[in-house]
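Owing to the predicted nature of the structure, the values given are computational and were not obtained by experimental measurement. Count residues from 1 along the sequence.
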Amino acid sequence: MSDWITYIVRCADDSFYTGITTDLQRRIEEHNNGNKNGAAYTRSRRPVTLVYCENHRDRSGAARREAEIRGLGRAGKEQLIRNGRSA
């Protein structure tokens, strides 16, 4: 089974989007290419730039971490990006 990745991208409007995937490169391309599989949030905020990612063993762990990160607020996300495993 593939590793799952929790990631944060910085959008063109300087906002953050947090998500999960098993294929990070494909997912970033979906966000940037306006692919119908890209998130609605990022469609009007392209391009996006990967600023943070972390690996998880399963989807459940990645989804839990995604929820934690989304709850951090902007300052918490910026600190995570500065101090964490940035991309």
Check: If you measure from CZ on R26 to CG on N37, what distance do you get to the nearest 0.5 Å?
Finding: 7.5 Å
Margin query: I need the R65 CZ to R70 CZ distance, nearest 0.5 Å.
Written below: 13.0 Å
Notebook entry, point to check: What closest approach, in Å, do C11 and V48 show between heavy atoms, and which atom pair accounts for it?
Noted result: SG-CG1, 3.9 Å
Checklist line | Cation-pi, Y17 ring and R10 (6.0 angstrom, 45 degrees) | finding: no
Note to self: As an exercise, state the distance from CG of D3 to CG of D23, rounded to the nearest 0.5 Å.
What the structure shows: 12.0 Å
Item checked: D58 and S60: CA distance, side-chain angles, deciding distance, side chain to side chain donor-acceptor pair (under 3.5 Å) verdict -> CA-CA 5 Å; D58 55 32; S60 176; 4.7 Å; no
Check: Just by distance, do the side chain of R59 and the backbone of W4 share a donor-acceptor pair under 3.5 Å?
Finding: no
Note to self: Return the OH to CD distance between Y7 and E54, rounded to the nearest 0.5 Å.
What the structure shows: 13.0 Å
Margin query: Here's a test for you: under side chain to side chain contact (heavy atoms under 4.5 Å, CB included), which of T21, L50, N32 qualifies with R27?
Written below: T21
Check: If you round to the nearest 0.5 Å, how far is OG1 of T18 from CD1 of I69?
Finding: 5.5 Å
Check: Which atom names give the shortest non-hydrogen contact between A12 and R46, and what distance separates them?
Finding: CB-O, 3.3 Å
Next item on the list: May I ask you to test the I81-F16 pair for a side-chain heavy-atom distance under 4.5 Å?
Entry: yes
Next item on the list: Assess whether side-chain contact (heavy atoms from CB on, under 4.5 Å) is satisfied between D14 and R74, documenting all intermediate values.
Entry: CA-CA 10 Å; D14 205 35; R74 183 169 184 87; 2.9 Å; yes
Check: What pair of heavy atoms forms the shortest contact from C53 to I5, and how long is it?
Finding: CB-CG2, 3.9 Å
Notebook entry, point to check: What distance separates L80 CG from E68 CD, expressed to the nearest 0.5 Å?
Noted result: 10.0 Å
